[in-house]
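Reviewing the structure listed below.
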Amino acid sequence: MDNQKPNMEKRRIAPPPPPPPPPAPPGKRKDRFVPYEEYSKKPSKYRKAPSQKGNLPDQDLAKPLADDKNMLAVNEKEAAKSAKKSVLRRKALITFVCLILSLAFNLFPFQLPYTPSLVSIDFSAFGELLAAFTVNPAIAIAIVFVKNGIYFLLNPNAAPSIPNKIVLNIIFILITWLLYRRIIQSKRLDRRNDVYVSTELAPNDFSGFVMFLSGLVSGTVTAFCSLLTFRFITMPLLQVFFGTDSAAINAMLLENYSSAFEKLIVRLPFIGMILPSIGTLRDGMFVYNLPLNFLKYFCCALLAAAVFAIVRNFIYKKDTGEAAKE
């Protein structure tokens, strides 16, 4: 028998697997580069939810979230608080500016030609009226007292005329503000705005015109009130200030009115055809006090109405939310 080697298939033995890598030390993580394609296909393999300590609070889905747990409501409250603080800061700034304007106008009055020296014009009521409409009427009245107090300290000789200014300015501010609120809240004005909205037109802002109209009516009433305040407030204070009787004060005032009126007739002769001369103190008050006070408050109302919309938009402009409303 021939010596034949058996036909045995050679087996290929696989090498033993490599030993596993040593575990990473605690506190460290073995980084591994993962291609974007593999990461996007199997995100759950590489992205795990962050571990949370404790349990989440139970929430009944049938009930709305409380305001302290609703982040949207919390953010809205914070935005409202921020807007309110911003409005208060702007109001404080406007109050200071109005006080400075009123004091400046009061310190530098002017006198029209051919008018008596006792009747001068100042536009200090402009700042007070603007403060009443943009901030508050109480703030405007406080500005009246602070302004006249500072004016008295700087000019003590003007003490007899200061109470008269305080009373007239307060009357002018209150009547203008009350008329404005009455007209602006009327149903007729609301219906007119509704017509603009229904016809797809922008609603008109009548605030400036209404403010001027209210100031015009209030200025007329205040001008007539100035006759009474001059007679019953200024003249008695002049008697106390100069230490004389009423007859001497009346003669001094009448002389002041008569000399100014004579110069006016020389310049404008047609006035002498209407009123030849000023024979009584009442005539002088009607010729000078009434029209000059009306002119003063008319100009103050006109100036305040012109800048009212600008100042109001500055105070209530939008910051972090809706603008605050009065």
Side-chain angles (χ1 to χ4, degrees), residues 105-126 128-129 144 148 151 155 157-176 212-242 244-304:
F105 282 124
N106 199 27
L107 290 175
F108 301 101
F110 62 95
Q111 184 179 355
L112 294 178
Y114 312 111
T115 58
S117 58
L118 291 174
V119 184
S120 59
I121 296 179
D122 66 83
F123 297 140
S124 59
F126 157 64
E128 299 157 3
L129 185 65
V144 173
N148 287 282
Y151 182 67
N155 189 11
N157 294 329
S161 64
I162 289 177
N164 184 26
K165 291 181 178 180
I166 292 176
V167 173
L168 291 178
N169 286 4
I170 291 177
I171 291 175
F172 174 67
I173 291 169
L174 292 180
I175 294 178
T176 306
F212 171 71
L213 182 62
S214 303
L216 184 62
V217 176
S218 177
T220 305
V221 175
T222 309
F224 280 98
C225 290
S226 66
L227 302 177
L228 300 176
T229 56
F230 186 81
R231 176 65 181 84
F232 296 104
I233 296 179
T234 304
M235 291 179 62
L237 289 177
L238 286 173
Q239 298 177 21
V240 175
F241 187 78
F242 289 104
T244 58
D245 56 355
S246 60
I249 293 297
N250 292 345
M252 181 187 68
L253 293 176
L254 183 58
E255 177 64 24
N256 200 331
Y257 285 130
S258 298
S259 61
F261 190 72
E262 290 175 359
K263 296 177 182 178
L264 180 62
I265 290 178
V266 172
R267 185 66 177 176
L268 302 174
F270 68 92
I271 296 180
M273 300 174 62
I274 302 173
L275 183 65
S277 63
I278 294 179
T280 61
L281 191 61
R282 182 181 300 176
D283 295 338
M285 294 167 60
F286 271 96
V287 170
Y288 287 106
N289 291 52
L290 182 63
L292 291 180
N293 279 289
F294 173 77
L295 177 64
K296 177 177 91 169
Y297 291 113
F298 171 81
C299 294
C300 291
L302 183 63
L303 291 173

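No hydrogens, no waters, no symmetry mates; every other heavy atom, side chains included, goes into these values. The first residue in the sequence is number 1, and the count goes up from there.
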Working note: F212 + F298, criterion ring pair (Phe, Tyr, Trp, His ring centres under 6.0 Å); need CA distance, chi angles, decisive distance, verdict.
CA-CA 8 Å; F212 171 71; F298 171 81; 5.7 Å; yes
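- Qualifying side chain to side chain donor-acceptor pair (under 3.5 Å) partners for N250, counting only residues two or more places apart in sequence or in other chains: none.
- Contacts of F172 classified as ring pair (Phe, Tyr, Trp, His ring centres under 6.0 Å), with partners at least two apart in sequence or in another chain: Y297.
- To the nearest 0.5 Å, atom CG of residue N293 and atom OH of residue Y288 are 14.0 Å apart.
- Taking T234 as the reference, N164, F230, L238 meet the side chain to side chain contact (heavy atoms under 4.5 Å, CB included) condition, with sequence neighbours excluded.
- Around the CZ atom of F110, the shell of radius 6.0 Å holds more than 12 heavy atoms that belong to other residues, nucleotides or ligands.
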Check your understanding: Which is it for T244 and M252 under the side-chain contact (heavy atoms from CB on, under 4.5 Å) test, yes or no, and what are the steps along the way?
Key -> CA-CA 11 Å; T244 58; M252 181 187 68; over 6 Å; no
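- Taking each heavy atom of T222 and L168 in turn, the nearest pair found is CG2-O, 3.5 Å.
- With rounding to the nearest 0.5 Å, the separation of CG in N155 from CG in L107 is 8.5 Å.
- P291 is not listed as a side-chain neighbour of L295, based on a closest heavy-atom distance of 4.5 Å or more.
- Closest approach of G284 to I278, counting heavy atoms only: N-CG2, 3.6 Å.
- With values rounded to the nearest 0.5 angstrom, T176 atom OG1 is found 5.5 Å from L129 atom CG.
- Considering CZ of F224 and CG of N289, their distance stands at 12.5 Å, rounded to 0.5 Å.
- Counting heavy atoms from C-beta outward, V266 and Y114 have side chains that stay 4.5 Å or more apart.
- Side-chain contact between I121 and F105 is absent, with no heavy atoms from C-beta onward closer than 4.5 Å.
- Note that CZ of F126 is 13.5 Å distant from CG of N169, once rounded to the nearest 0.5 Å.
- Pairing each heavy atom of I175 with each of S218, the nearest pair is CB-OG, 3.4 Å.
- A side-chain hydrogen bond (donor to acceptor under 3.5 Å, both in side chains) check over residues 265-280, counting only residues at least two apart or in different chains, returns the pairs T280-D283.
- Across every non-hydrogen atom of M285 and L227, the tightest pair is CE-O, 3.1 Å.
- Using a 4.5 Å cut-off on side-chain heavy atoms (C-beta onward), V287 and F261 make contact.
- In this structure, P116 and N256 approach most closely via the heavy-atom pair CB-OD1, 3.2 Å.
- With sequence neighbours left out, S161 forms a side chain to side chain donor-acceptor pair (under 3.5 Å) with no residue at all.
- Note: F241 CZ to N157 CG = 5.0 Å, rounded to the nearest 0.5 Å.
- Evaluation of the side chain to side chain donor-acceptor pair (under 3.5 Å) rule for S124 yields D122, K147 as partners, not counting sequence neighbours.
- Across every non-hydrogen atom of M235 and I249, the tightest pair is O-CG2, 4.4 Å.
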